[in-house]
Number of protein chains: 2
Amino acid sequence: MNKCSQCIVRQFSSLKHLTKEELLRVSACKTSKIIKKGEFLFEEGEHINGVFCIKDGVCKVSKMSENGKNQIINLINHGNIIGERSLISNEVSNLSAIALNDMTVCFIPKDEIMRDLQMNAAFSLDVLKTMATSLKSADNLIVDMAQKSVKQRLAESLLNLKEKFGTSSQGVIDIHLSREDIANIIGTATESAIRLLSELKKKGIIEFKGKDIAILNDQELEKIAHGF
Amino acid sequence: MNKCSQCIVRQFSSLKHLTKEELLRVSACKTSKIIKKGEFLFEEGEHINGVFCIKDGVCKVSKMSENGKNQIINLINHGNIIGERSLISNEVSNLSAIALNDMTVCFIPKDEIMRDLQMNAAFSLDVLKTMATSLKSADNLIVDMAQKSVKQRLAESLLNLKEKFGTSSQGVIDIHLSREDIANIIGTATESAIRLLSELKKKGIIEFKGKDIAILNDQELEKIAHGF
DNA sequence: TTTAAAATATGATATTTGTCAGCTTTTCAA
DNA sequence: TTGAAAAGCTGACAAATATCATATTTTAAA
C-alpha cells in the first residue's frame, strides 16, 4: 500500500499540515479505489462519510436543477480533495461527482478527518482558508452566471480550462469535454454552445477537431470574456 | 459599553462557542458603529482587517460584474457576522456591503479573531460549518442563475425574502427593497423585474404598494419557482 | 466489420430578455 | 411647500437564447 506521505495529494492540499503521526494514521485507514470514466464518485443525496483524495484523473462536480438540467459547478483535478464540505456540515451531499476519465482515488473515513480537524489547528485553518477561497470563486461564478452573456461565459470558460489543465505541444487544451459538458459548464443549451464554438472557430479565435480544442488568439478571447 | 456576552450576535453566530475569557477580550477590543442607510460597511478591494457583528439592521452584499452591473449575492440580517472570509483568506474583500437601513454594528479586529480560531477548536469548527453551509447555498445559487428563467428566480427570491425576513400583520414582507435591488438579486434588468412583478400582481399571486410586497398565493409562487 | 446509438452540427422558428424612450409617481432637500 | 431628482412603470423594438427538426459524423457494442 502506498504511503500518504509520498502522495501528490498531500503536496497540494491541506493534508500537508498533518503531522507524521497523523499521516500514518490516515495511511492506515484509507482505502484506494479505481473509478472508471463516467462512473460516480458520489451522488447528490448520498452520505459520503469521508473525503476523497484524487491521485489521478479528473471529475466533474455537478448538480441537477429543478428544471431537469445539469449544471457543472467545478472540475476537480488530481492533487485535490473533494467531499470535505458534506463531512463538515454533516449533511448528505448536494452535489454529484462523475469521473471524466479513469481515476485513482483514496477514501479517508470521516472520523479520522474530524479528529485531525479538532486536534490540529494548522490543518483546520488551512481547510478554512481553502473554503474561503472556494466561496470567493463561487461568488464570482454567481455574478458571471447572472450578468454575463453565454458568449462571454464560453470565452471565459475556455480560458479557465486552458489555465487549469494546460495545453499539449499543439496548443490543445489538456481536457476532453463533450459539447454537452461544455454547455453544462457555461449554463446553456448544447446547441447554443456548439453554435458559439463554431462562431469562434470561423473567426479564427479557436481551432478544434472533435474534443481537441486549441485557443489561437487568447487576447481576442479575453476581450470577449470581459465584455469589450 | 455593552458586553458581547449579552449580544444577539453571540446567540446566533459562531461566537457562541467562545469562552467567557475570550468573550471578555473581544468585548474589550471591539468598537461600535452606526452605519446609515445607503452607507458602505466595506467596499470591494478594501482591506477589512476584522469582522463585523450586525446587532441591528440589514445590509446587501454585492459585487460589480465586468459588464458594470451590480449583483447582490446575499442579504445579511442582524445576529450575523460578516467579513470573516477575507480575514481568513487574508485578501482584500471581493464584495461590497451596503446598509439597507440604519445599522448598529460592532467591529472586532482581525488579530483577536485569528487568535480564537487558532486556540478554540469548537469555535473554529463552527466557523468551518458556517462556511460549508454558505458554500452549499452558493452552489444552489449558481445552478439557479445558470438554469432558471428570470421569472422562476423572481418567484424564488420573493419566497426566500418572506422566509428570511418574515411578514408584518398584513402579510407584507419585512424588508424594503427598491425595484433595482430586486433586479440585482435575481440578475436581470430593472425593467424586467418591474414587468414580472406587475404580471404576478395582475394574476393575483402577489400584492404590492411601493416597496410593501405581500405574497397572496404561496403555492402558486412555488409552482412558478420550481418550474411547473 | 457492421450497425445502432450517441454526439455533433446547422437551420428555422419561438420565446425570453434587454434596451431605449417616454411618461407618471414618489421622495427629499432647499 | 415646492420643484428637481430619483424611482417606478409601460410600450416598442432588438438581441440573445432556447427549442425543435433533421442531417451528418463519430463511437462503441455486438
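Protein chains get the first letters and strands the later ones, always in sequence-line order, with residue 1 at the start of each.
One N or O on the side chain of A:Gln71 and one on the backbone of A:Ile185 form a donor-acceptor pair closer than 3.5 Å.
In this structure, A:Thr190 does not reach the C:dT8 phosphate: none of its side-chain N or O atoms is under 4.0 Å from OP1 or OP2.
Pairs of residues two or more places apart, or lying in two chains, never qualify as side-chain hydrogen bond (donor to acceptor under 3.5 Å, both in side chains) while including a residue from residues 183-197 of chain A. Residue pairs meeting the side-chain hydrogen bond (donor to acceptor under 3.5 Å, both in side chains) criterion with at least one member in residues 35-46 of chain A: none, sequence neighbours excluded.
Rounded to whole Å, the distance from CE on B:Met145 to C1' on C:dT16 is 16 Å. Per the geometry, CD1 belonging to B:Ile194 stands 14 Å off P belonging to C:dT19, to the nearest Å. The interatomic distance linking B:Leu197 (CG) with C:dT17 (P) rounds to 14 Å, in whole Å.
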Close N/O contacts between protein and nucleotides 16-25 of chain D (under 3.5 Å):
residue, atom, partner, partner atom, Å
D:dT17, OP1, A:Val150, N, 2.8
D:dA18, OP1, A:Thr188, OG1, 3.4
D:dA18, OP2, A:Thr188, OG1, 2.3
D:dA18, OP2, A:Ala189, N, 3.4
D:dA18, OP2, A:Ser192, OG, 2.8
D:dT19, O4, A:Arg195, NH2, 2.9
D:dC20, N4, A:Glu191, OE2, 3.3

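Among A:Asp181, A:Val61, A:Leu100, the single residue meeting the side-chain contact (heavy atoms from CB on, under 4.5 Å) criterion with A:Leu75 is A:Leu100. When each of B:Lys148, B:Gln152, B:Gln147 is paired with A:Asn67, the side chain to side chain donor-acceptor pair (under 3.5 Å) condition holds for B:Gln152 and for no other.
Contacts between residues 176-184 of chain B and DNA chain C, defined by a heavy-atom separation below 4.0 Å, involve no residue at all.
Contact check on A:Lys203 versus A:Glu220 returns no salt bridge, with no Lys/Arg side-chain nitrogen under 4.0 Å from an Asp/Glu carboxylate oxygen. For the pair B:Arg85 and A:Asp139, the salt-bridge criterion is met [side-chain N within less than 4.0 Å of a carboxylate O].
Note on A:Lys211: only backbone sugar-phosphate atoms sit closer than 4.0 angstrom, heavy atoms only; bases stay farther off.
For A:Lys223 and A:Asn217, the side-chain atoms include no donor-acceptor pair closer than 3.5 Å.
Under the salt bridge (charged side-chain N to carboxylate O under 4.0 Å, His left out) criterion, B:Asp56 pairs with no residue, sequence neighbours left out.
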Could you walk me through whether A:Leu158 and A:Leu200 pass the side-chain contact (heavy atoms from CB on, under 4.5 Å) test, one step at a time? CA-CA 11 Å; A:Leu158 289 172; A:Leu200 289 175; 3.9 Å; yes
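Fit an axis to the five pairs at each end of the helix from C:dT1-D:dA30 to C:dA30-D:dT1 and the two axes sit 50° apart, to the nearest 10 degrees.
Residues A:Val9 and A:Cys106 have side chains not in contact (no heavy-atom distance under 4.5 Å, counting atoms from C-beta outward).
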